[in-house]
Amino acid sequence: MTAKIAYDDVEVGTELPAQTFPVTRATLVRYAGASGDFNPIHWNEKFAKEVGLPDVIAHGMFTMAEAIRVVTDWAGDPGAVVEYGVRFTKPVVVPNDDKGAEIEVGAKVAAKLDDNTVRVDLTAMSDDKRVLGMSRAVVRLA
């Protein structure tokens, strides 16, 4: 597979379609099983509060993975992402209710680089707080 977006068709400032990703306690249990990360801050409310967290929090790598979906969906190929990094700024707090939390992700092309690549800057928010900082991906386009 290759990216479905052509480098020549993209300009700096191009906004990618924003997405919202739901996160429930069940989501965290499934992710813990798949990743092998069973840290109790991700599933045990009592433990999370004892260590100073407001409640159970989503795994950082889960949050990071959900955010990059905006880019991979836009590019049409997950393999088009050649570099990706973030700083974790706030946790995604996941209450034990029927709603859970949401991660709202937006992104835009911040720079056109060499070799048909672009830098995409992402914004990830949950409960009106930025949960990822310096979230950037380099994507090779067609």
Side-chain angles (χ1 to χ4, degrees), residues 1-45 47-97 99-142:
M1 289 180 61
T2 59
K4 305 219 182 305
I5 304 293
Y7 179 82
D8 292 336
D9 293 341
V10 174
E11 299 297 328
V12 170
T14 299
E15 291 194 24
L16 285 59
Q19 294 187 53
T20 300
F21 303 100
V23 187
T24 64
R25 295 280 178 96
T27 308
L28 299 182
V29 170
R30 286 191 300 275
Y31 182 82
S35 69
D37 182 352
F38 294 100
N39 186 323
I41 63 173
H42 303 304
W43 58 269
N44 184 320
E45 186 173 329
F47 183 86
K49 289 181 176 181
E50 285 175 354
V51 298
L53 294 168
D55 208 330
V56 165
I57 63 170
H59 303 72
M61 294 308 222
F62 170 82
T63 303
M64 194 175 169
E66 290 291 80
I68 198 65
R69 287 175 56 190
V70 168
V71 177
T72 59
D73 288 354
W74 171 73
D77 177 11
V81 177
V82 296
E83 185 179 317
Y84 178 45
V86 306
R87 288 193 180 149
F88 301 105
T89 57
K90 298 279 184 196
V92 175
V93 179
V94 183
N96 190 19
D97 58 18
K99 184 180 176 201
E102 293 182 331
I103 303 168
E104 300 164 349
V105 182
K108 68 178 178 179
V109 175
K112 290 184 86 167
L113 309 171
D114 296 331
D115 198 24
N116 280 16
T117 59
V118 296
R119 190 187 87 216
V120 176
D121 291 353
L122 296 92
T123 303
M125 307 284 290
S126 183
D127 196 28
D128 294 324
K129 295 176 186 81
R130 185 180 294 257
V131 295
L132 299 177
M134 297 294 292
S135 185
R136 296 179 171 171
V138 175
V139 184
R140 180 163 288 111
L141 300 178

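Basis for what follows: all heavy atoms, side chains included, without hydrogens, waters or symmetry-related copies. Each residue takes its place number in the sequence, starting with 1.
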* Smallest separation among heavy atoms of Ala101 and Ser126, with atom names -> CB-OG, 4.3 Å

* To do: Check Val86, Val105, Val92 against Val131 for a side-chain contact (heavy atoms from CB on, under 4.5 Å) and give me the one that passes.
  => Val92

* So how far is it from Ser35 OG to Met61 CE, rounded to the nearest 0.5 Å? -> 10.0 Å

* Quick one: are Leu132 and Leu122 in side-chain contact, heavy atoms under 4.5 Å? -> no

* Between Phe62 and Tyr31, how do the two ring planes meet: parallel, tilted or perpendicular, split at 30° and 60°? -> perpendicular

* **Closest heavy-atom pair and its distance - Val94, Gly100** => CG1-CA, 4.4 Å

* Asked: Just checking, any donor-acceptor pair under 3.5 angstrom between side chains of Asn96 and Glu45?
  -> no

* Structure fact -> In terms of heavy-atom contacts, Val23 and Ile103 come closest through CG2-CD1, 3.7 Å

* Atom of Ala110, atom of Val12 and distance for their closest heavy-atom approach -> O-CG1, 3.5 Å

* So, does His59 use its side chain to make a donor-acceptor pair with the main chain of Asp37 at under 3.5 Å? -> yes

* To do: With the side chain counted from C-beta on, respond yes when Asn116 and Asp8 share a heavy-atom pair under 4.5 Å apart, and no when they do not.
  => no

* Asked: Got a salt bridge between Arg25 and Asp55, using NZ or NE/NH1/NH2 to carboxylate O under 4.0 Å?
  -> yes

* Asked: Is there a salt bridge (Lys or Arg N to Asp or Glu O under 4.0 Å) between Lys99 and Asp97 once you walk through the steps?
  -> CA-CA 6 Å; Lys99 184 180 176 201; Asp97 58 18; over 6 Å; no

* Using modelled atom types only, decide if a donor and an acceptor are shared between the side chain of Lys112 and the backbone of Tyr7 within a distance under 3.5 Å. => yes

* How far apart are the closest heavy atoms of Arg130 and Met125, and which atoms are they? -> CA-SD, 3.5 Å

* **Interatomic spacing from CG in Asp121 to OG1 in Thr123 - rounded to 0.5 Å** => 7.5 Å

